[in-house]
Amino acid sequence: MKLKLPEHLAPADATAMKAVKPVICYPVDGLQAPDLVAYRAAREAWRKTHEVLVPPREARCFDVPAGHFFRIVSVEGPQVGDLNLWHATNHAERFFSGKTRALHGTHVSTGDRLWSNLPYLRPMATITEDTLDWYGFDEFGGSVHDVIGTRCDPYTHRLLSGGDYHHCCHSNLTRAFAAQTGRSQGEAEPFIHDVLNVFMCTGFTRDTGQYFMKATPVRPGDFIEFFAEIDLLGALSACPGGDCGVEHSSDTAKCSPLLVEIYVPSSPPKGWVSPAVNGFASLNDSKAKNVA
Ligand SMILES: [Zn+2]
């Protein structure tokens, strides 16, 4: 929060300081770009292996082996989804929305990658198609599929409203992950992490920099498609906010299911190799030495 009237006088060179042009923190020119032509060619003879319907105000888990694709599809009405990803067998490796944001910006679309946390920091999935890519940025600075929100959760809801609500995305993801992995809900909760807000339309207000949402433009038939770079366990919550045009963390909004489809190509994309964990190893080494 910034005071409407600052308490401190600006220095004499304030105008010059504010006029300095920004530089991109993390230029991604050095990253190897995904070969979208090869990825898409691999879809030509693909086969759907299974699908998972995520009921409204609930979450479900799904497995996607490395080299397979998955789609999140709008099937009945405008609906936002909160996505978590883990390495299929090492759940300590999980989606890192903060670094994904630092690398690709506030909202992701075709060609962007979902990165894993430190010390792994490798692409977990690559976005290979997004039917909402036409939206771009609107006049409010809003766009679709953000990595700036966290996930609706009952703790923040209690702070702000004083009430308890048990079908926030955090709660739904916790229950789904617990059921999938055989952990208790208490054991499962620390594995739940900041999400990719699938189909959600969000931004920051220009005057106060506050996180805002508006009704998603997604319609039945729209989808976002990912290629699994490593073996993945996913969890998707159909947010209780529905289209997130009014509010979330309540039973007020109209909610719809979301469909997850998993596809196996007849052969992997030409030239594709599943990425190894990040090559920086000195901290890992010292940690290993400490353990020894
Ligand atoms: Zn939510």
Side-chain angles (χ1 to χ4, degrees), residues 52-62 70 72-86 94-98 100-101 106-108 114 132 135 142-180 185 188-204 210-220 222-224 226 233-260:
V52 175
L53 190 67
V54 182
R57 295 189 171 84
E58 297 286 350
R60 293 288 183 273
C61 284
F62 53 95
F70 68 100
I72 298 172
V73 188
S74 168
V75 283
E76 279 185 18
Q79 175 65 44
V80 162
D82 285 46
L83 178 70
N84 266 192
L85 291 176
W86 300 265
R94 64 193 74 168
F95 172 53
F96 189 178
S97 82
T100 300
R101 175 170 69 246
T106 52
H107 300 76
V108 292
L114 307 187
L132 294 179
Y135 194 89
S143 190
V144 185
H145 311 306
D146 79 72
V147 281
I148 53 180
T150 51
R151 61 208 180 263
C152 58
D153 74 86
Y155 305 98
T156 307
H157 179 69
R158 187 175 176 84
L159 276 180
L160 298 179
S161 78
D164 289 336
Y165 184 68
H166 296 286
H167 283 275
C168 293
C169 288
H170 175 83
S171 316
N172 298 339
L173 292 167
T174 300
R175 283 190 286 266
F177 183 74
Q180 178 79 12
Q185 290 183 28
E189 188 172 17
F191 287 91
I192 307 306
H193 48 275
D194 286 350
V195 299
L196 167 62
N197 272 314
V198 176
F199 303 140
M200 194 167 179
C201 189
T202 60
F204 292 116
Q210 286 175 289
Y211 185 46
F212 73 74
M213 62 183 191
K214 51 185 284 189
T216 173
V218 76
R219 296 293 178 267
D222 279 318
F223 63 85
I224 183 167
F226 306 84
L233 169 63
L236 183 71
S237 170
C239 182
D243 70 2
C244 287
V246 180
E247 65 177 78
H248 52 78
S249 304
S250 76
D251 283 333
T252 305
K254 181 180 183 323
C255 286
S256 304
L258 288 170
L259 184 65
V260 181

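Read the numbers this way: they start at 1 and go in the same order the structure lists the ligands and their atoms. Any value given below was found using the heavy atoms of this structure, including those in side chains, with hydrogens, waters and symmetry copies removed. On a predicted model such as this, the values are computed, not experimentally measured, just so you know.
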Visitor: Taking side chain to side chain donor-acceptor pair (under 3.5 Å) as the definition, give me every residue that meets it alongside H107, ordered by chain and number, with sequence neighbours left out.
Guide: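 H107 satisfies side chain to side chain donor-acceptor pair (under 3.5 Å) with T202 only.
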Visitor: Could you tally the protein N/O/S atoms lying less than 2.8 Å away from the Zn ion (ligand 1)?
Guide: 3
Visitor: For the residue pair H170 and Y155, does the interplanar ring angle fall in the parallel (under 30°), tilted (30 to 60°) or perpendicular (over 60°) class?
Guide: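 Judged by the thresholds at 30° and 60°, the geometry between H170 and Y155 is perpendicular.
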Visitor: Please check if the side chain of N172 supplies one atom and the backbone of H167 the other of a donor-acceptor pair under 3.5 Å.
Guide: yes
Visitor: Which residues pass the side chain to side chain contact (heavy atoms under 4.5 Å, CB included) test with R158, sequence neighbours left out?
Guide: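 Applying side chain to side chain contact (heavy atoms under 4.5 Å, CB included) to R158 gives D164.
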Visitor: With ring-ring contact (aromatic ring centres under 6.0 Å, His included) as the test, pick out the partner of W86 among F191, F96, F177, F95.
Guide: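 The passing option is F177.
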Visitor: Please identify each residue that fulfils ring pair (Phe, Tyr, Trp, His ring centres under 6.0 Å) with F223, with sequence neighbours left out.
Guide: none
